[in-house]
Structures are given as C-alpha cells and as structure tokens.
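One structure is given here, and the rest of the page talks about it.
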Amino acid sequence: MKHISVTPFGRQAMTAGLLAARALTDKAPLPRVDKWSLFNDLRIARIRFGVTDRDLSVLYALLTFLPAKALEDGADLVVFPSNTSLSDRAHGMAESTLRRHLAVLVGAGLVWRQDSPNGKRYAARDRAGALVQAFGLDLRPLLLRAGDIVAAAAEVVDAADRLHRAREALVLRMRDAAKLLAYGVEACLPGDWAGLEARLLPLRAALRRKMDADVVAGLLGEAGDILQVLRLMIEANTEKKHGNAAHSGRHHTNSKQDSYVFEPCLETGRGAGLEGLVPDQAEQSNSTQDQAQVPSVPLVLVLKACPDILPYARSNLTQWRDLVVVASEVRGMMGISASAWQEAQRFMGPETAAIAVVAMMQRIGSISNPGGYLRALSGKAAVGGFSAGPMIMALLNSDGARAA
C-alpha cells in the first residue's frame, strides 16, 4: 500500500507551516503550467516569497531533473537527485550550502520533502522497471501556488513600471527647474536664486541612489514646489517688464548691435593683470547696480586670450550672449556659486562678468578660491575700479612671453 509521509526525516520536528503547506493538496484539479515560465515569474517576485537568487539557483537545478517541460496535476513531480548530482547542476555549490538553500525552499513552501525511511533520495521500481514510488524533493507546491506566483510577479512588474515613470517625472521636473533657475540668474532677475539652487542640490544627489516609491514621491513633490516657485518668480518679473514697456511712448532700436566686437580696445578704467590684481572690498553703489558696463575689448581678442573655454561651447562663440551662456555653465565646475555669479553680472554687466570668468578659467590653476576672487572683482566693479581689458592683455602678454 502506497503511503506519502508528511513528516520530515531525522531530528527535524513537524511544524505548523509544514502542515499548512500539506493542506494545499486538497485543491481542485489544477491547470498545466510551463515550469520555466513559472520559474521566471518566481524570479521576478522572489522577495515576496522570502527567497534569494542563490535559493532560486538550487530550485533551477531541481527543475532540470524533471523530464517534463510542464507541471501537471496528477503527474509524479518528485525528483530524487543525490547531493553530488544536485551540486553539479548548481555549478559546483558546496553540499553544506546546498542543504541550507534547500531548507529555505522548504521553509518558503515552494518544495516539499518526501523523505524515505532512511532519509535517502531514491526511487522504488517494480520488476519491469516502472516507477512505483519516489523519495526526494516534491515540486508539486510550485503547481499549487502557481496562481499566487503569477499574480505576485505581475504586481512587482507594475510597481517597477510606476517607479520608473515617477523617476522620469522627477528628472523632467528637475531639468525644468535647473534651466529656469539658470535663466533667472543669467537674466539678472530679482529673487532668491541661491536659495532655490540649495534646495535642488539634495534632489540631484538623491537621483544617484536607488530609491523606493515613497522616497521618489516625496522628492517629486519637493521638485514640484521648487518649480512652482520658479515659475511664479519668472512670470512676475516678465509681467513687470511688459508693464514698464507699455508705458513707454517710444521704441528704441540699435542698428549697431554687437558692433563693439569689431571696435578697438579703449579702456578707461584702471585695472591690473590677472596675476597681480587683488581688489579691495568696496561699498556697493545703487547707481552702479542698474548700469551694465559694456566691454570695449573685442570678443575675438577674449577668445584668443582664453582658448580653454572653447571646448565647453555648444556652438561657435560669435556673439557676447554666447560667451555669457557658456560662462554661466562652467562657473559651477569652477566652484563659483550662483549668488557670486549673479552679483558679478549685477555690478559688471553680463558680458564683463563672462570675460572675468573665462579669464579666471584660463588661469584656474593659480586661483585657490574662484568664488571669492570673483566677489572681490565684483566689489571693485561696484565703485568703478575694475576693467576687463587689462586682464585680457595680461593673458595675451603672458602667452606671448611663453611662446617667445
């Protein structure tokens, strides 16, 4: 008479978990399931079932001992490989490690033990060689729990898709916020741009880490708040400018736009070379804040003196605004904060501030604190004591001296 034992061999005690697992055998007839498709679903949802990739490598080896490609109700799903054979199929895993992972699979209710009277794995056959009863590891729990495994895998995939879309939305919001922030700084619009940049920094750092859905949702809300503040600040300043323009009765145009690029260098301010210039801190003047100092040094001369800026340009630097854009991008690499860059544009004008940044970059190896140095130049410019021409000429003269 055939008897299926439900108790483990040796010192292993019977537990409520084993009894609950055995109770699953009372289910109605189950559909046929492809074993490798089911294994793939279990691999996706392995965390839900408390198993690791190493546990699944042992389960994969067990499935290879089952000749059929599918798990079917009524079929004999007991495999009985020796530990040596199982170790070979598990890429040479040590037997002690193998036993530990088998215990995890049994504890997770994915495999049953059909232990023989002496605890060995083997198959009993009749005189004709037909299989009568097998003792070993029963894979029937995979068939019994196939519905749960497939459903759990689908939930994990859906959660991963939602997390991926949330990360995409976070990246897009941060990109919009960064570009609007750069626009506000470059346009010298009033606002706490440095404070907003400080709020963006931890969000950029968090993107380098692996985050769960709750963390991403929190960062998404923070990025949305920052973006909303930026939009309101820029819209308020845009409406203010449009309102001022509506009160003006005349429209002035300059037919000689950027004509100073081709004019000779005529410097009226006093300055020093880049190496010897050490400006004093000066009191900020309200009249200087509103007046942009147009540089009289030609752009082509600036590029000749500062060729290190050229690789960072996205296009040919043919106009002053191109130089301002690339200087705004490289100032962060040099360690110059947004507030220092905004202050330099305020007192020097965007073009002169860009000249100062690219000139500092040309000699970045000899400047220990670029941000503090630029603030010092801004303080000198506030009282009319700074000029970009001597900086460029000093660079040209030093380059000529080295070439000679």
Side-chain angles (χ1 to χ4, degrees), residues 4-9 12-66 68-81 83 86-87 89-91 93-115 121 136-164 210-215:
I4 303 298
S5 175
V6 297
T7 58
F9 173 77
Q12 301 180 55
M14 193 63 185
T15 63
L18 291 176
L19 287 173
R22 294 290 179 172
L24 295 174
T25 56
D26 297 333
K27 283 189 174 182
L30 300 167
R32 183 173 181 268
V33 178
D34 183 89
K35 65 180 182 181
W36 297 123
S37 176
L38 185 62
F39 177 82
N40 186 59
D41 289 337
L42 181 59
R43 178 187 58 81
I44 294 172
R46 61 184 180 274
I47 298 178
R48 300 283 187 93
F49 294 89
V51 293
T52 65
D53 53 346
R54 294 279 285 172
D55 300 327
L56 292 182
S57 66
V58 176
L59 180 60
Y60 183 92
L62 287 173
L63 287 170
T64 62
F65 286 98
L66 190 67
K69 293 183 179 180
L71 305 176
E72 296 184 79
D73 196 13
D76 193 354
L77 301 179
V78 179
V79 292
F80 42 89
N83 282 342
L86 189 56
S87 177
R89 296 281 181 96
H91 309 289
M93 182 180 293
E95 289 191 13
S96 58
T97 306
L98 193 66
R99 288 192 292 270
R100 185 170 66 251
H101 291 303
L102 284 174
V104 173
L105 293 173
V106 173
L110 299 173
V111 173
W112 289 340
R113 292 185 185 274
Q114 296 288 6
D115 289 337
R121 301 185 199 126
L137 297 163
D138 194 349
L139 300 175
R140 183 173 172 78
L142 291 176
L143 181 61
L144 295 171
R145 305 185 67 182
D148 297 337
I149 294 173
V150 173
E155 291 176 2
V156 170
V157 171
D158 291 341
D161 289 342
R162 290 194 299 271
L163 178 61
H164 180 70
K210 186 176 181 180
M211 300 175 289
D212 57 23
D214 293 337
V215 176

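The first residue of the sequence shown is numbered 1, and numbering continues consecutively from there. Being a predicted model, the structure only gives us computed values, none of them experimental.
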If you define the side chain from C-beta out and look only at heavy atoms, does anything of [X] sit under 4.5 Å from [Y]?
X      : Y      : result
Leu142 : Lys35  : no
Arg140 : Leu71  : no
Leu137 : Gln114 : no

Distance from [X] atom [atom1] to [Y] atom [atom2], nearest 0.5 Å?
X      : Y      : atom1 : atom2 : answer
Trp112 : Leu144 : CH2   : CG    : 5.0 Å
Leu77  : Leu62  : CG    : CG    : 12.5 Å
Ile149 : Leu38  : CD1   : CG    : 4.5 Å
Leu102 : Leu86  : CG    : CG    : 6.0 Å
Arg100 : Asp55  : CZ    : CG    : 9.0 Å
Asp41  : Asp148 : CG    : CG    : 12.0 Å

Considering all heavy atoms of both residues, which atom of [X] and which atom of [Y] are nearest to each other, and what is their separation?
X      : Y      : value
Gly50  : Val104 : O-CG1, 4.1 Å
Phe49  : Ala152 : CE1-CB, 4.0 Å
Ala61  : Ala90  : CB-N, 4.1 Å
Val51  : Leu105 : CG1-CD2, 4.3 Å
Ala153 : Ala45  : N-CB, 3.7 Å

Would Asp53 and Arg43 count as a salt bridge (charged side-chain N to carboxylate O under 4.0 Å, His left out) if you check the C-alpha gap in whole Å, the side-chain angles of each, and the deciding distance to 0.1 Å? CA-CA 7 Å; Asp53 53 346; Arg43 178 187 58 81; over 6 Å; no
Steps toward side chain to side chain contact (heavy atoms under 4.5 Å, CB included) verdict (Ser57, His91): CA-CA 9 Å; Ser57 66; His91 309 289; 5.7 Å; no
Across all chains, not counting sequence neighbours, the side-chain contact (heavy atoms from CB on, under 4.5 Å) partners of Asp212 are Asp214, Val215
Glu155: partners by side-chain contact (heavy atoms from CB on, under 4.5 Å), with sequence neighbours left out: Arg48
Partners meeting side chain to side chain donor-acceptor pair (under 3.5 Å) with Thr64 (sequence neighbours left out): Arg89
Side chain to side chain contact (heavy atoms under 4.5 Å, CB included), paired with Leu139, selected from Leu110, Leu59, Val78: Leu59
Salt bridge (Lys or Arg N to Asp or Glu O under 4.0 Å) partners of Arg32, counting only residues at least two apart: Glu72
Could you list the residues that satisfy salt bridge (Lys or Arg N to Asp or Glu O under 4.0 Å) with Arg54, not counting sequence neighbours? none
Residues passing the ring-ring contact (aromatic ring centres under 6.0 Å, His included) test with Phe39, sequence neighbours excluded, are Tyr60
Taking atom types as modelled, is there a side-chain donor on Asn40 or Ser37 under 3.5 Å from an acceptor on the other? no
